Amino acid sequence: QVQLVESGGNLVQPGGSLRLSCKASGPAFNTYTMSWFRQAPGKEREFVAGNRRTGDNTYYRDSVKGRFTMSRDNSENAVYLQMNSLKPEDTATYYCAAGRRIILSSLRSSSAYDYWGRGTQVTVSS
């Protein structure tokens, strides 16, 4: 069993930055695929960034490439999402997700993940 707790969400002006954190409890954190998803009101939950294991590629949705950076620290059982040049369309609740044995073709699918945090709200507005 893995428990995930996100933090770092806030209200920020367009062009600003935020760093989200996700702390995991439970064994064998380094064996989990870890990803960030987001969901805006009235919209489907969408993949933002994901990493299957340390040393593997990190994948991003096209709209955040060059602005968002995901990192993981296995010694801290944590993943982070550095978000720069934020836009109003980035406004959403951001969720951390974990799963095992997720194949690359399923990385962007929310149904592939076993564990979810409760989310942290990011609002980009002037």
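Nothing here was measured: the structure is a model prediction, and the numbers come from that model.
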Can you see which heavy atom on Pro14 is nearest to which on Ser126, and at what distance? CD-N, 3.7 Å
Just by distance, no angles: are the side chains of Gln121 and Thr93 close enough, under 3.5 Å, to form a donor-acceptor pair? yes
OG (Ser35) and CG (Leu107) are apart, to the nearest 0.5 Å, by 4.5 Å
Hphob cluster co-occupancy, Leu18 + Val48, side-chain heavy atoms under 4.5 angstrom: yes
Of all residues at least two apart in sequence or in a different chain, which pass the side-chain contact (heavy atoms from CB on, under 4.5 Å) check with Ala98? Leu4, Tyr32, Met34, Tyr115
Quick check: does any side chain N or O of Asn57 sit under 3.5 Å from a backbone N or O of Asn51, one acting as donor and the other as acceptor? no
Taking the six-membered ring of Tyr95 as reference, does the NZ or CZ atom of Arg45 fall below 6.0 Å from its centre and within a 45° cone about the axis? yes
Using the ring centroid of each side chain, check whether Tyr60 and Phe47 are separated by less than 6.0 Å. no
In short, salt bridge (Lys or Arg N to Asp or Glu O under 4.0 Å) pairs touching residues 67-84 with sequence neighbours left out are Arg67-Asp90
Considering all heavy atoms of both residues, which atom of Leu81 and which atom of Ala49 are nearest to each other, and what is their separation? CD1-CB, 4.3 Å
Exercise: do Ser125 and Thr123 side chains pair donor with acceptor under 3.5 Å: no
Considering all heavy atoms, the nearest Ser17-Gln82 contact: CB-NE2, 4.0 Å
Sequence-distant partners of Thr31, side chain to side chain donor-acceptor pair (under 3.5 Å), two or more places apart: Arg100
Output yes when Glu46 and Arg61 qualify as a salt bridge under the 4.0 Å nitrogen-oxygen rule, no when they do not. yes
